[in-house]
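In what follows, a structure is listed as C-alpha cells, so that the remarks can point back to it.
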Amino acid sequence: MDMKPGLEGVAAAETKISLVDGERGRLIYRGHRAEDLARTRSPEEVAFLLWNGTLPDPDEREAVRRQWAGARVLPGYLKGLIAAIPREVQMTDVLRTAVSAMGDASFEGPPTPEQAIRIAALLPSIIAFRRHHLAGTEPPAPRPDLSHVAHYLYLLRGEVPSPAHVRALEAYFVLTAEHGMNASTFAARVVTSTRSDLISAVVAAIGALKGPLHGGAPAGVESMLDEIGTEERIKPWIRERLERNERLMGFGHRIYRTEDPRAAALREIAVRLAAGEPWLSLAVRVEEEALRLLEEYKPGRRIRTNVEYYAAALFRAVGLPRELFTPTFICSRIVGWAAHAMEQAEHNRLIRPDAVYIGPLPD
Ligand code: SDX
C-alpha cells in the first residue's frame, strides 16, 4: 500500500464544481473563469451557480436576493450565546460555536441550497453582533435593501459603505468562494460522507480553515509587513526567516506551480483602491523580494504569491481589522463547502482511507 503524505497528488473525488489548474494558473467555476465572475457577478449569484450548476436568470436573481436578505436576522438565543462567550475568545472560534448552535432538526438530511443560505447569510450578522457587543455599541437595524457584502460592511460600521469598497469585497467573496479539494473543503466532505448534517460539516471546515497554513495566513501577511516596516528591512527580514526554513505567509501552494490567478486579480483591486498608500508600496516591494529570495533558497520549487497575500492588502484597503481576516474568508468559503457537501451527498461513499502501521507488534 503506497502512502501519500498529506494526500499530495491524490484525487479524492470527481467534481463538476471547480477546476483548480495548478500548471496553467486557472480557476474555473462550473465552466466560468472565476476572475470573469468576480468582475460581472455578485457573490449571491455565484453561490447559486456553484450550488445549482447554472447562473440565476433575472427572476431567480431577485428570489436569491430576497432569500439572502431574509436570512440575516440573528435569533435571540444566538445573541445570548454570543454575548456569553468570554471576550478573549477570538472571532473565528465565536463563529464556529455560533454555527454549531444553529444546528437543529431542520438541518438533518442531505445538504440543500436553502440550508446553505441560512448559514451563509447569518455569518456576517454573527460577526457584527459580536463586534458591537464587545464594543458596547448597538448594531444598526437590518437593511434588506443592501446586498450581502454591502450589508456586512454596513453592520460593522453603522453606515452604508462606498460602492468601491463593496465592489472590492464582493470580488474577494467571489474569488475565494470555492477552491476544489482544499483542506477545509475536504473536511466538509469527510463529515458529509458519513451522512452527517451541513452544520457539522461547516463546523469541521471552520476548524480546518483556521490554521495558519490555510485560512489563517492573511493575518500573518499583515504581521509580516508590519514587522518589516521599511524598505531597508525587507531583505534581512526575509533572509533571516528563510535561513530558519520558516514559511513566508502568502506564498506557496500545494496545487499552483505558477501565480495563483486570484492573487493577480486581488492585486489589481488592492492597487486600484490603495494606490499611493505607503503600506501598499511596501507590500509590492516585499512580494518582489520574497519571490526572488524564495527562488534562491528553494530553487525549482516554483513558490509563487498565493491568494492570501493580496487578500490581506484588500482587507486593509477596505478597512477590515486583522481580527476579521479569517472570519471574512469563512463568510466566502462557506459557499464552496456547501457546494461540495451537496455533491458529496449525491454520490455518497464513506471517505475512509487506510494507514500504514509502523508501531510495535505483540510477540
Ligand atoms: C490557502 O489548498 C488550497 O487551495 C488553499 C487555498 C484555498 O483557497 O483554499 O488556496 C487557501 O490556504 C492558501 C495558502 C495560505 N497559506 C500560506 O500562505 C502559508 C505559507 N504557505 C506554506 O505553508 C505552503 O506553501 C503551503 C502550506 C501553502 C503549501 O505547502 P505544501 O504544498 O505542503 O509544501 P511544503 O510545505 O511541503 O513545502 C515544500 C517546500 C518546503 O521546503 P523543504 O523543507 O522541502 O526544503 O517548499 C517550502 C518548504 O519549506 N515552502 C516555503 C513556503 N511554501 C513552501 N518556504 C517558505 N515560505 C513558504 N511560503
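In this text, all values refer to a predicted model and were calculated from it rather than measured experimentally. Residues take their numbers from the sequence shown, with the count starting at 1. Both counts, for ligands and for their atoms, begin at 1 and track the order of listing.
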Sub-4.0 Å atoms of ligand 1 with respect to non-hydrogen atoms of [X]:
X: Gly250; value: 17 (C), 18 (O)
X: Ala217; value: 15 (C), 16 (N), 17 (C), 18 (O)
X: Pro212; value: 16 (N), 19 (C)
X: Phe251; value: 18 (O), 20 (C), 21 (N), 22 (C), 25 (O), 59 (C), 60 (N)

Under the side chain to side chain contact (heavy atoms under 4.5 Å, CB included) test against Tyr297, which residue among Ile238, Leu248, Leu242 passes?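 Of the listed residues Ile238, Leu248, Leu242, the side chain to side chain contact (heavy atoms under 4.5 Å, CB included) partner of Tyr297 is Leu242.
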
If we ignore angles and hydrogens, is there a donor and acceptor under 3.5 Å between the side chains of [X] and [Y]?
X: Asp104; Y: Ser106; value: yes
X: Glu287; Y: Tyr310; value: yes
X: His132; Y: Thr137; value: yes
X: Ser223; Y: Asp226; value: no
X: Ser42; Y: Glu170; value: no
X: Ser18; Y: His179; value: no

Please compare Arg241, Arg254, His179, Glu178 and report which has the shortest non-hydrogen distance to atom 29 (C) of ligand 1.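 That would be Arg254.
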
Nearest heavy atom to atom 37 (O) of ligand 1 wins, so pick from Glu308, Arg247, Arg301, His214.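 Among Glu308, Arg247, Arg301, His214, the closest heavy atom to atom 37 (O) of ligand 1 belongs to Arg247.
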
Heteroatom proximity flag, [X] to ligand 1, N/O under 3.5 Å:
X: Leu294; result: no
X: Asp260; result: no
X: Phe329; result: no
X: Glu8; result: no

What residue and atom, counting heavy atoms only, is the protein's closest point to [atom], and at what distance?
atom: atom 58 (N) of ligand 1; result: Leu248 N, 2.8 Å
atom: atom 23 (O) of ligand 1; result: Leu213 CD2, 3.3 Å
atom: atom 28 (C) of ligand 1; result: Gly252 O, 3.7 Å
atom: atom 19 (C) of ligand 1; result: Met249 CE, 3.6 Å
atom: atom 48 (C) of ligand 1; result: Ile303 CD1, 3.8 Å
atom: atom 46 (O) of ligand 1; result: Lys298 NZ, 3.0 Å
atom: atom 8 (O) of ligand 1; result: Arg262 NH1, 2.6 Å
atom: atom 10 (O) of ligand 1; result: His253 NE2, 2.7 Å

Run the side chain to side chain contact (heavy atoms under 4.5 Å, CB included) test on Tyr152 and Leu123 for me, step by step, so that the C-alpha distance in whole Å, both residues' side-chain angles and the decisive distance to 0.1 Å come before the verdict. CA-CA 9 Å; Tyr152 177 32; Leu123 293 175; over 6 Å; no

Nearest 0.5 Å, what's the CH2-CD1 distance between Trp68 and Ile117?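 Going from the CH2 atom of Trp68 to the CD1 atom of Ile117 covers 6.5 Å.
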
Does atom CD (Glu14) have a neighbourhood of more than 12 heavy atoms from anything else shown, all under 6.0 Å?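 It does not: Glu14 CD has 12 such atoms or fewer within range.
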
Taking transitive links into account, so neighbours of neighbours count too, which hydrophobic residues share a cluster with Val356 at under 4.5 Å side-chain distance?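 Answer for Val356: Met1, Met3, Ile358.
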
Is there at least one protein heavy-atom neighbour under 4.0 Å from atom 5 (C) of ligand 1?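 Protein heavy atom within 4.0 Å of atom 5 (C) of ligand 1: present.
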
Below 4.0 angstrom, counting only protein heavy atoms, does anything approach atom 34 (O) of ligand 1?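 No, there is no protein heavy atom closer to it than 4.0 Å.
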
Hey, mind stepping through Arg322 and Glu222 against salt bridge (Lys or Arg N to Asp or Glu O under 4.0 Å) and telling me if it holds? CA-CA 8 Å; Arg322 191 177 303 177; Glu222 196 174 61; 2.8 Å; yes

Qualifying salt bridge (Lys or Arg N to Asp or Glu O under 4.0 Å) pairs, either residue in residues 129-141, two or more places apart: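 Counting only pairs at least two positions apart or across chains, the salt bridge (Lys or Arg N to Asp or Glu O under 4.0 Å) contacts touching residues 129-141 are Arg131-Glu323.
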
Using a heavy-atom cut-off of under 4.0 Å, does the side chain or the backbone of Asn245 touch ligand 1, or both, or neither?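 It is the side chain that gets close, since no backbone atom is under 4.0 Å.
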
